[in-house]
Enquirer: 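Before I ask anything, here is the structure I am working with.
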2 protein chains.
Amino acid sequence: MLTIGDLSKRTGVKVPTIRYYEQMGLISEPERSEGNQRRYSKADQERLAFIRHGRDLGLTIDAIKELISLSQHPDRPCVGADRIAREHLDDVRGKIAQLKRLEHELERIVSHCDGHSIEDCYVIRALSDHGLCEHEH
Amino acid sequence: MLTIGDLSKRTGVKVPTIRYYEQMGLISEPERSEGNQRRYSKADQERLAFIRHGRDLGLTIDAIKELISLSQHPDRPCVGADRIAREHLDDVRGKIAQLKRLEHELERIVSHCDGHSIEDCYVIRALSDHGLCEHEH
DNA sequence: CTCAAAAGCTCTAGTCTCTAGAGAAATATA
DNA sequence: TATATTTCTCTAGAGACTAGAGCTTTTGAG
């Protein structure tokens with residue numbers, strides 16, 4: 001039986017965040033000590049690690065909820081879980097593409113800057129005038 | 001003189017968002033019509049385009065505020081503006097790197113999935129067991 | 001065994017960047 | 001002129017936490 005602090009240390013999820021996940025229904029209400037403090041089992045620890053891992057991968061709380069509910073029906077085909085992961089992958093790829101355009105844009109902006117006065121600062125000019133951009137964004 | 005709706009159409013910033021920016025001090029309070037409606041000038045439109053552009057590039061409201069205040073002292077050297085852009089570039093590069101690791105991980109997870117039962121679903125297993133990951137994250 | 005420190009409890013409110021809705025007033029159009 | 005659209009203010013909600021107040025329980029040192 002772990003205290004909430006122990007659980008936090010073992011999973012890397014902060015204490016208030018654990019309570020928040022409980023409130024959001026991601027983890028079930030744990031047992032309590034005589035003095036009403038939360039006491040967690042090994043199973044709780046695994047569940048929380050699962051959630052943490054999903055969040056690290058950028059899944060939303062709702063997506064993780066869905067995965068948990070799927071994982072509780074081990075007989076069903078795993079198409080649902082697959083779909084969630086695939087959708088998320090698409091998402092991630094889209095974000096990468098967007099950030100790369102942005103990187104490009106910022107590189108160009110920064111490379112024009114060499115400490116002259118703001119009047120002709122490329123950063124300011126680039127922000128003011130969309131026409132100076134290479135790509136649409 | 002533009003109404004808030006016109007300004008919104010021209011800049012692509014939604015009406016409530018324009019009012020929000022005013023509240024946050026990003027744009028100054030505009031003139032009002034007899035009936036107390038906001039009326040914007042061409043200068044307001046440019047300022048808003050500047051903000052929009054910065055937000056598109058992922059700058060925070062605070063960073064944009066800083067840039068605006070810098071741009072109001074055109075005599076000073078533009079080191080500050082340069083710094084903001086550079087810092088942001090570092091940020092963007094970090095995010096790209098992180099997302100790429102994530103893409104990799106998700107690709108691996110998804111490629112193992114082919115519609116079998118959840119019991120051996122790789123998505124679920126990968127989330128449950130960090131050891132299945134290739135990289136730390 | 002006692003007593004203070006550390007950790008836990010609940011509850012509320014704040015973060016950031018908007019977005020949505022209610023209900024009233026102003027403006028534009030037929 | 002009557003109606004439709006837009007705008008006004010104000011409040012609340014989203015997502016995913018984080019921080020703080022004020023109180024109680026547990027732990028560890030003397």
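From a predicted model like this one, the values you see are computed outputs, not experimental measurements. Chain identifiers are assigned alphabetically (A, B, ...) following the order of the sequence lines, protein sequences preceding nucleic acid strands; residue numbering begins at 1 within each chain.
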Enquirer: Quick test of your reading of the model: are Arg38(A) and Glu22(A) salt-bridged, counting only N-O distances below 4.0 Å?
Expert: yes

Enquirer: Closest to the Arg38(B) side chain: dA16(D), dT9(D), dT10(C)?
Expert: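 Looking only at heavy atoms from C-beta outward on Arg38(B), the closest nucleotide is dT9(D).
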
Enquirer: If I take atom NZ in residue Lys14(B) and atom C1' in nucleotide dA20(C), what distance separates them, rounded to the nearest angstrom?
Expert: 10 Å

Enquirer: Could you give the CD1-to-C1' distance, from Ile4(B) to dT27(C), as a whole number of Å?
Expert: 15 Å

Enquirer: Does Thr17(B) put a side-chain nitrogen or oxygen below 4.0 Å from OP1 or OP2 of dT17(C)?
Expert: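 Checking Thr17(B) against dT17(C): no side-chain N or O falls below 4.0 Å of OP1 or OP2.
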
Enquirer: Any side-chain to backbone donor/acceptor pair from Arg10(B) onto Gln45(B)? Under 3.5 Å, distance only.
Expert: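 No, because the side chain of Arg10(B) does not come within donor-acceptor range (under 3.5 Å) of the backbone of Gln45(B).
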
Enquirer: Give the rounded distance in Å between these two atoms: OH of Tyr40(B) and P of dT6(D).
Expert: 16 Å

Enquirer: Donor-acceptor pair, distance only, cut-off 3.5 Å: does the side chain of Arg19(B) make one with the backbone of Ile4(B)?
Expert: no

Enquirer: Select from Tyr20(A) and Arg39(A) the residue whose nearest nucleotide in DNA chain D is closer to the 5' end of that strand.
Expert: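 Whichever sits nearer the 5' end wins; that is Tyr20(A).
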
Enquirer: With the side chain of Arg55(B) defined as its heavy atoms from C-beta on, choose the nearest nucleotide among dA26(C), dC18(C), dT26(D).
Expert: dC18(C)

Enquirer: Round to the nearest Å and state the distance from Met24(A) atom CE to dG13(D) atom P.
Expert: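 Interatomic distance, CE of Met24(A) to P of dG13(D): 13 Å.
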
Enquirer: For the side chain of Tyr21(A), starting at C-beta, report the closest nucleotide among dC18(C), dC17(D), dT7(D).
Expert: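 Looking only at heavy atoms from C-beta outward on Tyr21(A), the closest nucleotide is dC17(D).
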
Enquirer: Quick check for you: among dT27(C), dT10(C), dA16(D), whose closest atom lies nearest to any side-chain atom of Ser33(B)?
Expert: dT27(C)

Enquirer: Between Val15(B) and Gln37(A), just flag the one whose closest nucleotide in DNA chain D comes earlier from the 5' side.
Expert: Val15(B)

Enquirer: What's the CD1-P distance between Ile18(A) and dG8(C), to the nearest Å?
Expert: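 Value for this atom pair: 9 Å.
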
Enquirer: Which part of the nucleic acid does Arg19(A) contact within heavy-atom distance under 4.0 Å: base, sugar-phosphate only, or nothing?
Expert: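 Base: the residue Arg19(A), judged by heavy atoms under 4.0 Å, touches a nucleobase.
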
Enquirer: Measure the distance from CG on Leu2(B) to C1' on dA28(C) and round it to the nearest whole Å.
Expert: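 So the two atoms are 16 Å apart, to the nearest Å.
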
Enquirer: When the distance from CG of Asp62(A) to P of dA16(D) is rounded to whole Å, what number comes out?
Expert: 7 Å

Enquirer: Just by modelled atom types, is the Val13(A) backbone N or O under 3.5 Å from a matching donor or acceptor in the Ser8(A) side chain?
Expert: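 Flag set: sc Ser8(A) to bb Val13(A) pair under 3.5 Å.
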
Enquirer: Starting at the 5' end of DNA chain C and moving along, which residue's nearest nucleotide shows up first, Thr3(B) or Gly5(A)?
Expert: Gly5(A)

Enquirer: Distance check needed: dT6(D) C1' versus Met1(B) CE, whole Å only.
Expert: 19 Å

Enquirer: Is it possible for you to say whether Met1(B) and Val15(B) belong to one hydrophobic cluster, with membership spreading through side-chain heavy-atom contacts below 4.5 Å?
Expert: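 Shared cluster, no.
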
Enquirer: For the side chain of Arg32(B), counting heavy atoms from C-beta on, which of dG8(C), dT9(D), dT27(C) is nearest?
Expert: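 In terms of side-chain proximity for Arg32(B), the closest of dG8(C), dT9(D), dT27(C) is dT9(D).
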
